[in-house]
Each structure stands twice: as C-alpha cells, then as structure tokens.
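The shown structure was predicted, so the numbers you read here are calculated from the model rather than taken from an experiment. Throughout, a chain's letter reflects where its sequence line sits, starting with A, and its residues are numbered from 1. Just so it is clear, the values below take in all heavy atoms, side chains as well, and ignore hydrogens, waters and symmetry mates.
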There are 2 protein chains.
Amino acid sequence: MGTTQLEQAPETKYWHLKTVIGEALDSEFAVGEILPNERDLAARFGVARATLRQALEQLELEGRLQRRRGVGTTVAPPRMGVAVGAAGNGWPGGTGDAWQAADSTQEIPPASVAELLGTGEETVHVLRRSRMYNGQPVAADLLYVPAASVPDLSAIDIPDGVTRARVVLRELQRLGFEGEDRAVELGSARADDARQLDRLPGAPVLLVTTRYFGPGGRTAAVSVATYRADTCRLTFGGDVEFHSGQERRAS
Amino acid sequence: MGTTQLEQAPETKYWHLKTVIGEALDSEFAVGEILPNERDLAARFGVARATLRQALEQLELEGRLQRRRGVGTTVAPPRMGVAVGAAGNGWPGGTGDAWQAADSTQEIPPASVAELLGTGEETVHVLRRSRMYNGQPVAADLLYVPAASVPDLSAIDIPDGVTRARVVLRELQRLGFEGEDRAVELGSARADDARQLDRLPGAPVLLVTTRYFGPGGRTAAVSVATYRADTCRLTFGGDVEFHSGQERRAS
DNA sequence: AAGTGGTCTAGACCACCAA
DNA sequence: TGGTGGTCTAGACCACTTA
C-alpha cells in the first residue's frame, strides 16, 4: 500500500554481471592484463557461459575489454581520440597523414553512394585506403570520385591501381574543395573491412560518410570510412586534443 | 594444387542468414511491415532460435529492423538524420528546438566529466534534457554547468528543478560561448537513459560529448548526449540536409 | 490469456593462436 | 596439441503487450 512500487525491473543476470566485472576492472585490473577464460569466469560466477559472454560482449562494445580468439580477453586501454573533423584530414591521404592509399579501381558505385554523388550508373574511381593510429588499424575507407571531378585524368590511362590512386588524390588536392558534410552512424563490419581492421565480420563499427563539395556546390567525392567502434572515439572540430594525456598505446 | 585456396572462412550460419534476410527486406517487405515471429523464422530456416536471433540482432544494429518485446519485429524506416553540428543547437534547448529541458539538480559530476570541466570535486548544475524528432525520442542528455559559468545565479536560490533548468539555460545563452568540441563514441544505454529512449537497458547508443568553451578558453559546460544508435544518423556541419527526401516518419 | 521478444541453461563443436 | 574465444543447438522460463 504505502510501498512506492518503483523497483520495476529485477535486473537481469548479465546486466548485474556486467556491473560487477566492470567495477572489478576499475579497481583490480591493469590495462593489458589478461582475464580468466570464459569457462572459468562463468563457473566462478555460477552462470552459463552464454550469460557470462553477454556481459563480456557489452563490456567489449563499450571499449573496456578486448577479446581475441585463440588468445584470451584482456583489459582494453581507454579509447583513442581520432580526429575526423576538417583539421584532421583535408583530402584524406593528401598531406601524408596516417591514411595510406592502398588501391584503386573503376566501378559502378552502390546505389546509396550514387545517390549522394548525384551521378547515375556511371563508373567512378574507387580508392581504398586504410588509416593507422598508434600502430593499429583504426579505419578502412572507400573514396568514390566521379570521373567528372578529375577531368584532366580522363585522357590518361594508368593500369596500376596504387599509382592511379595517388594520381587521383593529387589531382583532387590540386583542385581543392569548398566544403564538406559529415554523418556518423552505427554499422557492422563487412567481411573485407573486418579483415583490414583485424576484427571478425560483423564487429561494430562507426560509419563516417563524408561528402566533399567542389566548385559550384556539386558533390565532388564521397568517402565512406569504417572505424572500429571498440577502440575509437571520433573527435570533431576544435584543434585541441581531448584527453591529451591519456591516449591509447599498443598493448 | 591449382586451386587458388582463397575461400578462407566458410561463412557462419548467422552471417548467411543475415544476408538472406537482409536481401528479403529490400525486395519483399515494406517499411513497417511485421515479420514472422522468431520461432517461425527459425523453423523456416532450419536453425535454432538463438542463431536466428543473432542475425536479427545485427540487422537491428544496422537500423534495418525494429524489435519490441510483446509486439514483434518490424521493418524499420531508414535512419533519420539528426543534426548535431553547430547549426543544430547553439545552447541546446536555447532556441526552442527539439530539446526539452526536463529537470535540474546540483551534484558532484562523475570523474570523467569533472576531468573535462577542469573542476575538482565541486558540485555543478546538472540539466536533464531529452530530444524529440518526428515524434520519437532520439536522445537523452546531461548538461553539466559549473556554478562559476553562471555567476549571476549564485546568489539566487530556486528550489524547483525545471525552472532552475530554464534559468541556467537562459543565463548561459546570455553569456554565449566561443567554441565547441565534440566527440562521438559507441556505448550502451544506462537504465535511465534506456527508459527515456524507449529501449531496453544496454541498447547500443551513440555517445556525443560536447565541450563548450566560454570566454578565456575555459570550459564553460560539458554535455553528454545519448542518441539511439538504431534509429539515428548523426549529421555534422553543412547546413544542407543529407537525404532530405527520405526522412523517417513514425511507423 | 495468448503471443511476442528477452533471458538463461548445459551442453557440443569449430576456428584460431601459441607453445 | 592444448587452450582460447566464436558458433550453434534445443530446450525452458520470464517480461511485456495486446486483445
């Protein structure tokens, strides 16, 4: 009667586990330290392995644990702040930052990209790049460049993918751009991205879609970057580094 | 011998399922349509329910499905683009946009926030707000404001939380700010945020941490916003709307 | 009360890594 | 080869919504 009935949900087991383990991580474990294996942990807490795993999965999602098949579960360092704003990368790869142009082909872009580009079913240059940070791969990226955006190249024929990538980037950089647009959403890693990022397919990733506007307001290029969600915190604007004292190091 | 041995991973069941169902969603289902229940689907594909669920979970993570306990699984509309950049919200809640100031207390901020504010263990104003979009809750937010940032209020004592929230916001708006800083990372919803966002605890969310710089470069306030990762695509900069023709409507 | 998705169990086997 | 995390199964029960 008088009891304010606010308890509501009786807190599930895995949620409680997650809390308990999370607190233990703060107080009793150092970064890089290895946890007991899942079977032992499950036994120790008196739950099924699946339940224990549900807790670990969330902690990994939050960037507090790192699990590797065949190896074990370790305490993850704090997420690294990765600059995505205008300060970080003009034409990505242009200024020789951590982006590494890997390859280039000419393909018909997927519908979602074609819509952003405003092109129809024309083929575009597709540059594959990957971004390193503190010696770790943090992002895989596809840069879609319509042939119209780099007119001076249409006559030349360059067979090698890597050098063509470099040439396209240089040309883009020469032309410059007038603005950019960015969107971030949650996704799961495709098989090839997963391989580049040293994760399993389906791993949670942050999808950063950038539109680059050329002269006249036309969309000159579109980039879709796939960042590891477990290890990265994306930073925007402000040239100041977040948390500058606490960046992640290789384990 | 001659067989280029590149097959590599024999593609797990749930991954294959995810692909198959995903394609079916594109071709055979309309937005809002209800899928068969999990037990039926599992039987139809000849897998255990847990396996089927693993596939659905990923599709939900990617914003393609919406599942509600007691109701069913429906096809989700495309994610809505939510503006987070400077254009979207000055002092959030200030211009009467979709933010709704709900409450305000004075508390000692969590260590992570205190570090960003540069304050010690002093109490700060904590404004709780929530953001609506197309009639749906998309974000819950905590705005931490050190007393020093709103000096004119230190003398006044306002007992009511809601009006105090409004007063603090008005004062902040009057003072203005000189810059901001933003970071985005993946998280899982705390119990209270989950309630506000109409999700279960642990649901994947995008955590947007914003630092507002006051005159002199000091951090005037810090906001931690929790966006539903399943329904939201965060957009930054550029006053142009992404995908303007395809926005999400209430189902 | 019936039907949905969410949690949990106790097993089994597989893919991967390091010694 | 032994140990790790990843996948998969076939059940059971629970929390929630709707009628």
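Evaluation of the side-chain hydrogen bond (donor to acceptor under 3.5 Å, both in side chains) rule for Asp103(B) yields no partner, not counting sequence neighbours. Residues satisfying the side-chain hydrogen bond (donor to acceptor under 3.5 Å, both in side chains) criterion with Thr226(B), sequence neighbours excluded, are absent altogether. Scored by the side-chain hydrogen bond (donor to acceptor under 3.5 Å, both in side chains) test, Glu33(B) finds no partners at all (sequence neighbours excluded).
Going from atom CG of Leu65(A) over to atom P of dG6(D) covers 11 Å, rounded to whole Å. Remark: P of dC8(C) and CZ of Arg49(A) are 16 Å apart, rounded to the nearest angstrom. The NZ atom of Lys18(B) sits 15 Å away from the C1' atom of dT7(D) (whole-angstrom rounding). The CD atom of Gln54(B) sits 14 Å away from the P atom of dG6(C) (whole-angstrom rounding). Put simply, CD on Glu38(B) is 5 Å from P on dG5(C), counting in whole angstrom units. Spacing between atom OH of Tyr14(B) and atom P of dA15(C) amounts to 14 Å, rounded to whole angstrom units. In this structure, CG of Asn37(A) is placed 12 Å from C1' of dG2(D), rounded to the nearest angstrom. The separation between Leu59(A) atom CG and dG5(D) atom C1' is 15 Å, rounded to whole Å.
Applying the salt bridge (charged side-chain N to carboxylate O under 4.0 Å, His left out) test to every pair with at least one member in residues 13-29 of chain B, sequence neighbours left out, gives these pairs: Lys18(B)-Glu62(B), Asp26(B)-Arg64(B).
Listed nucleotides dC8(D), dC16(D), dT7(C) differ in distance to Thr12(A); the shortest reach to its side chain belongs to dT7(C). Residue Arg53(A) has its side chain nearest to dG5(D) when only dG5(D), dG6(C), dT7(C) are considered. Of the candidate nucleotides dT4(C), dC16(C), dT9(D), dT9(D) has the atom nearest to the side chain of Ala50(B).
Contact annotation: Thr51(A) reaches the phosphate of dT9(C) (side-chain N/O to OP1 or OP2, under 4.0 Å). For dG6(D), one of the phosphate oxygens OP1 or OP2 lies less than 4.0 angstrom from a side-chain nitrogen or oxygen of Arg67(A). For the pair Thr73(A) and dT4(D), the criterion of a side-chain N or O lying under 4.0 Å from OP1 or OP2 is not met.
Between the Tyr144(B) side chain and the Glu107(B) main chain, no donor and acceptor come within less than 3.5 Å of each other.
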Kindly list each side-chain donor-acceptor pair under 3.5 angstrom involving residues 44-54 of chain B, sequence neighbours excluded, with atom names and distances?
| unit_1 | atom_1 | unit_2 | atom_2 | d |
| --- | --- | --- | --- | --- |
| Arg49(B) | NH1 | Glu38(B) | OE1 | 2.6 |
| Arg53(B) | NH1 | Glu38(B) | OE1 | 3.2 |
| Arg53(B) | NH1 | Glu38(B) | OE2 | 3.0 |

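Nearest-nucleotide positions on DNA chain D place Gly72(A) closer to the 5' end than the other of Leu52(B) and Gly72(A).
As judged by a 4.0 angstrom heavy-atom cut-off over every strand, Leu200(A) is placed among residues touching the sugar-phosphate backbone only.
Distance CD/Glu60(A) to CD/Gln66(A): 7.5 Å, rounded to 0.5 Å.
No hydrogens or angles were tested; on distance alone, nothing pairs the side chain of Arg39(B) with the base of dG11(D) as donor and acceptor under 3.5 Å.
Contacts of residues 40-48 of chain B with DNA chain D (heavy atom under 4.0 Å): Val47(B), Ala48(B).
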